[in-house]
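Order of listing sets the numbers, starting from 1, for every ligand and every atom in it.
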Amino acid sequence: MVVDVLVVGQGICGTFLAWNLENAGLSYKVIDAPLPNTASKSAAGIINPVTGRRIVKTWMIDEILPFARQQYTLLGAQLGISCIRETDIIDFFTSPQMRLSFLKRHGEDPTFLFKPEDESGWLSHFKYDFGYGVIQPCLQVELANILATFRRGLEHKQQLISGKFDFQKLVIEGNTVSYDDIHASSIVFCDGNEGAVNPFFKALPFAPNKGEALIVHIPELPAGHIYKKGLNLAPMGENLFWAGSTYEWDFKNSHPSEAFRNNTLQLLENWLRGPVELVDHIASIRPATLERRPFAGFHPVHTCVGILNGMGSKGCSLAPYFAMQLVQQITGQGNIDREADIQRFRNLLFRP
Ligand SMILES: Cc1cc2nc3c(=O)[nH]c(=O)nc-3n(C[C@H](O)[C@H](O)[C@H](O)COP(=O)(O)OP(=O)(O)OC[C@H]3O[C@@H](n4cnc5c(N)ncnc54)[C@H](O)[C@@H]3O)c2cc1C
């Protein structure tokens, strides 16, 4: 069988890559190991336009937010599902300093920030001492639904090989690759955290970090917002909320930890007025990078071997944009932004 591109991995990167290939009229197969706790299956799906203690705009957000909104809407229309919803973040200040920070930033540039006149509006649901601001608009992506529906479509079209990719079986012949009976013009690895041990790309400066979250049932909390006070509380439907997360660079394993569970339940008890019931506890590794920029493009030596990875904590917003750029590069219609193109590491990748 001959295809244009072999895609390894069907997280949010592999999904958007495959979808863009399809829209560009290119043929492809996806190989994906159906693991339960991948980053995309653990994420809350939040696209937050601001970041950090100084509440500055997220990298490239002016381009990336409207693009993501449009792409998820189109994808949803094609899949016949809801992929995204517009929302806001009720940002409860954790200290007087955080309140000042928000007000200062609001004074400098109010884009994405709203300061309510009356800050007592959430007192029947939450305990808070320093007021709140609102971050808007934000997006929340329905990752579980997207991944599962897209996967079913791939299965239906016989474009999915479910299982682990075996590097021993990959043969690179000049400008083409073969894997079992599949011959392709290129192969693109969207293997998430496994990228850090991928024989072609392990030299790239990955900086994986672990994140955990609880799934909790909160019967009385309105589901129309994301709430934040140190941790995020994001609605997942049916009165379920995703509560997280942590960023751990020095971790021993990817398992859920008792310390996180106890600490988060305590935080929720101190914050919420109503009852909270623990439903699940998840943990995963984010495929983050040292300089917090994605890895997209083709290997300088093995020019038919590509990568779309390194999305860190921003996969929902960055994957659609850089999947589009990678496919434009494949079809000769555009280039990848220099900050994301792995050509910036060509010296590292040239080393044997
Ligand atoms: C707790 C947590 C919360 C997060 N919250 C958010 C959020 O709210 N918003 C946001 O934008 N981002 C969030 N992120 C980050 C986001 O999840 C990642 O940026 C994104 O999911 C990465 O997607 P990916 O496709 O690169 O990798 P993955 O989702 O890990 O997908 C990789 C896929 O490749 C497959 N695979 C790997 N190796 C092989 C192989 N050898 N053979 C076959 N298949 C293979 C895996 O099974 C998997 O399906 C969060 C991450 C975590 C851990």
Next on the checklist: Using the rule side chain to side chain contact (heavy atoms under 4.5 Å, CB included), only one of Ile161, Asp180, Asp166, Val7 pairs with Ile31; which is it?
Outcome noted: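 Per the side chain to side chain contact (heavy atoms under 4.5 Å, CB included) rule, the option paired with Ile31 is Ile161, out of Ile161, Asp180, Asp166, Val7.
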Checklist entry - Among Gln328, Gln329, Gln343, which one satisfies side chain to side chain contact (heavy atoms under 4.5 Å, CB included) with Ile336? => result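 The residue from Gln328, Gln329, Gln343 that satisfies side chain to side chain contact (heavy atoms under 4.5 Å, CB included) with Ile336 turns out to be Gln329.
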Any idea which part of [X] is under 4.0 Å from ligand 1, heavy-atom wise: side chain, backbone, both or neither?
| X | answer |
| --- | --- |
| Cys190 | backbone |
| Ala213 | neither |
| Trp242 | side chain |

What atoms in ligand 1 come closer than 4.0 Å to a heavy atom of [X]?
| X | value |
| --- | --- |
| Leu35 | 47 (O) |
| Glu194 | 37 (C), 38 (N) |
| Gly312 | 15 (C), 16 (C), 18 (C), 19 (O) |
| Pro287 | 22 (C) |

Next on the checklist: Checking the N or O distance criterion of under 3.5 Å, is ligand 1 in contact with Gly9?
Outcome noted: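 There is no such contact.
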How far is [atom] from its nearest protein heavy atom, and which residue and atom is that?
| atom | value |
| --- | --- |
| atom 21 (O) of ligand 1 | Ser40 OG, 2.7 Å |
| atom 40 (C) of ligand 1 | Phe165 N, 3.7 Å |
| atom 6 (C) of ligand 1 | Ala43 CB, 3.5 Å |

Item to check | Atom pair CG (Leu231) and CG (Asn263), whose distance is rounded to the nearest 0.5 Å | outcome: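 Interatomic distance, Leu231 CG to Asn263 CG, rounded to 0.5 Å: 8.5 Å.
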Checklist entry - Between the side chains of Ser27 and Asp4, does any donor sit under 3.5 Å from an acceptor? => result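 Asp4 and Ser27 do have a side-chain donor-acceptor pair below 3.5 Å.
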Checklist entry - Does the side chain of His281 pick up a donor-acceptor pair with the side chain of Arg261 at under 3.5 Å? => result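 Note: His281 and Arg261 side chains meet the donor-acceptor criterion.
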Next on the checklist: Do Ile187 and Phe165 make a side-chain contact, defined as non-hydrogen atoms from C-beta onward lying under 4.5 Å apart?
Outcome noted: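 In short, these two side chains touch, coming nearer than 4.5 Å.
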Item to check | Pick from Ser313, Pro34, Ser254: the one approaching atom 13 (C) of ligand 1 most closely through a non-hydrogen atom | outcome: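 Shortest heavy-atom distance from atom 13 (C) of ligand 1: Ser313.
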Checklist entry - With Asn335, which residues qualify under side chain to side chain contact (heavy atoms under 4.5 Å, CB included), at least two apart? => result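 Once residues adjacent in sequence are excluded, Asn335 has no partner under the side chain to side chain contact (heavy atoms under 4.5 Å, CB included) criterion.
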Donor-acceptor pairs under 3.5 angstrom involving side-chain atoms of residues 9-16: please list them, not counting sequence neighbours.
residue, atom, partner, partner atom, Å
Gln10, OE1, Arg151, NH1, 3.4
Gln10, NE2, Thr15, OG1, 3.1
Gln10, NE2, Leu147, O, 3.1
Thr15, OG1, Gly11, O, 2.7

